[in-house]
Amino acid sequence: MSASSTKSILVTGGAGYIGSHTVLQLLLSGCHVAAVDNLDNSSHLAISRVSHLAADSANRLSFHKLDLRDRPALERVFSSNKFDAVIHFAGLKAVGESVAKPLFYYNNNVIGTIVLLEVMAAYGCKKLVFSSSASVYGSPERVPCTEDFPLAPMNPYGKTKLVVEDICRDLHRADPEWQIMLLRYFNPVGAHPSGLLGEDPRGIPNNLMPYVQQVAVGRRPALTVFGNDYSTKDGTGIRDYIHVVDLADGHNAALTKLFEKDSKIGCEAYNLGTGKGTSVLEIVSAFEKASGKKIPVVFGERRPGDCEILYAATTKAETQLNWKAKYGIEEMCRDQWNWACNNPYGYGSSDSNPQDEIISTKTKGGGDSWFSDICITS
Ligand code: NAD
Ligand code: UFG
């Protein structure tokens, strides 16, 4: 049993891609979890499926549909629970959209976080795990990136992450009772091995793996590779892809550290990546292998703002959090494909997973059903 089990954790953005996987891992490790989400970029089905997968542990889950900027609604959740820590995923994450709508991004990501921190302070909860991003490094001069690299995000999305990191550092400086883990994720991909949880981007996917997935299931004709003239092994961009289940486990490791007796954590940043760089064409070929489908590619221009090569130094997380990613590209593609086959339209209604019928039948059944135990408020 880890130091974090039996604790009560508030998870913001708990219905989202990384949030839903993390909520499940927390429940399975014994925590009580209150998930809050405005469902702007997610589906209530993710929460239903987490409950289903958590089985007997689902009675430790509650879900509250709210926007973080709705202070009275957030206060109601704090006033009826005593949280030991908060994991803060809620935020907007599309880089291109952030360039077009900077105020929308600053408003949601920064103001949402300030309201959360103020309410946490008012209720005496001063332990936070924050979803930061490798985008705070911008385009680093060398790789692997260590946590002490200069921070120079290149778009409003990345800047919101840096602003929140700075707020957290200032907060800890002003009041050392705050203990804050800034987790800088590299490129999360893959899905839960059950095929029930995964990423469900709205509209045309911005990111590589969901795009490849949609080509494989026939929703899009070809992948445009953004540049094949980089000075990398095959000319395409290199990133550090990390399985979402490994990432979810990284949050358990972060909480364990926060709850250690006499934990000396103040406000610390940790990279969560694998430390391995993979090119766009290597991802395409691994996905073709996992799916048995041909992925047609078209070579296009470099995408503005993209860096050539980015991967993590992982020593700090390995030594201080005792956490290391377990899965490789093969498993990431296998689980992404399994999710795609079971949910070609994500959580969407046009092709919903047959499992949802079973789950909703159980819901209506009441009695021993998993759903009767979770409280949904809005
Ligand atoms: P996601 O969009 O699937 O999840 C975010 C969730 O937050 C969504 O369910 C959304 O509805 C909710 N949300 C957004 N604003 C909210 C608000 N004001 N109030 C309440 N709920 C709100 O994204 P994800 O991939 O799970 O990412 C989670 C976090 O990790 C984000 O903060 C993101 O910036 C960060 N991150 C993601 C990646 C990535 O590539 N997925 C990489 C680095 C960092
Ligand atoms: N790519 C293509 N074609 C596509 C999409 C992507 O060739 O259709 C390429 C990109 O040029 C890049 C690689 O695939 O070389 C990965 O691109 P993603 O858009 O999947 O990921 P990014 O590294 O650009 O950014 C992602 C998230 C950010 C996060 C960052 C952290 O979008 O939010 O990872 O490293 F901050």
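Position 1 is the first residue of the sequence; numbering continues from there. All ligand and atom numbering here is 1-based and tracks the order in the structure.
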*Asks:* Tabulated below should be the N or O atoms of ligand 2 paired with protein N or O atoms at under 3.5 Å; can you produce that?
*Replies:*
residue, atom, partner, partner atom, Å
ligand 2, 3 (N), T224, O, 2.8
ligand 2, 7 (O), F226, N, 2.8
ligand 2, 11 (O), D306, OD2, 2.5
ligand 2, 17 (O), R303, NH2, 3.4
ligand 2, 19 (O), N206, O, 3.4
ligand 2, 19 (O), N207, ND2, 3.0
ligand 2, 19 (O), R303, NH1, 3.4
ligand 2, 19 (O), R303, NH2, 2.8
ligand 2, 20 (O), N207, ND2, 3.4
ligand 2, 20 (O), L208, N, 2.8
ligand 2, 21 (O), N187, ND2, 3.1
ligand 2, 23 (O), N187, ND2, 3.0
ligand 2, 23 (O), R239, NE, 2.7
ligand 2, 24 (O), R303, NH2, 2.9
ligand 2, 32 (O), N207, ND2, 2.8
ligand 2, 34 (O), N187, ND2, 3.4
ligand 2, 35 (O), N187, OD1, 3.1

*Asks:* Following the transitive rule for hydrophobic clusters with a side-chain heavy-atom cut-off under 4.5 Å over Ile, Leu, Val, Met, Phe, Trp and Tyr, establish whether V189 and V297 coincide in one cluster.
*Replies:* yes

*Asks:* Show which atoms of ligand 1 fall inside a sub-4.0 Å distance from at least one heavy-atom site of L66.
*Replies:*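 The list of qualifying atoms is 19 (N), 20 (C).
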
*Asks:* Counting both backbone and side chain atoms, is some N or O of S133 under 3.5 Å from an N or O of ligand 1?
*Replies:*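 No, since none of the N or O atoms of S133 sits under 3.5 Å from an N or O of ligand 1.
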
*Asks:* Is it true that atom CD of E118 has more than 12 heavy atoms of other residues, nucleotides or ligands lying nearer than 6.0 Å?
*Replies:* yes

*Asks:* Pick one of side chain, backbone, both or neither for how L39 approaches ligand 1, counting any non-hydrogen atom pair under 4.0 Å.
*Replies:* backbone

*Asks:* Identify which of D67, V189, D37, N41 has a heavy atom lying nearest to atom 12 (C) of ligand 1.
*Replies:*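 Nearest option to atom 12 (C) of ligand 1, by heavy atoms: D37.
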
*Asks:* By number and element, which atoms of ligand 1 are closer than 4.0 Å to a non-hydrogen atom of S42?
*Replies:*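 Atoms satisfying the 4.0 Å criterion: 8 (C), 9 (O), 11 (O).
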
*Asks:* Can you tell me which portion of N38 lies within the under-4.0 Å heavy-atom range of ligand 1? Options are side chain, backbone, both, or neither.
*Replies:* both

*Asks:* Can the positive tip of K82 be found less than 6.0 Å from the middle of the six-membered ring of Y123, inside 45° of the ring normal?
*Replies:*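 Cation-pi check for K82 and Y123: fails.
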
*Asks:* Among G19, S132, A46, G91, which one has a heavy atom closest to atom 5 (C) of ligand 1?
*Replies:*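 Among G19, S132, A46, G91, the closest heavy atom to atom 5 (C) of ligand 1 belongs to G91.
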
*Asks:* Taking only residues two or more places apart in sequence, or in another chain, which ones meet P221 in a side chain to side chain contact (heavy atoms under 4.5 Å, CB included)?
*Replies:* none

*Asks:* Tell me whether R239 forms a cation-pi arrangement with F186, defined as NZ or CZ under 6.0 Å from the six-membered ring centre and within 45 degrees of its axis.
*Replies:*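 Judged by the rule (NZ or CZ under 6.0 Å from the ring centre, within 45° of its axis), R239 is not positioned above F186.
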
*Asks:* Y157 heavy atoms, cut-off 4.0 Å: which ligand 1 atoms fall inside?
*Replies:*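 Near Y157, the atoms of ligand 1 are 33 (C), 34 (O), 35 (C), 36 (N), 43 (C), 44 (C).
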
*Asks:* Return a yes/no value for L68: is any of its N or O atoms, backbone included, closer than 3.5 angstrom to an N or O of ligand 1?
*Replies:* yes

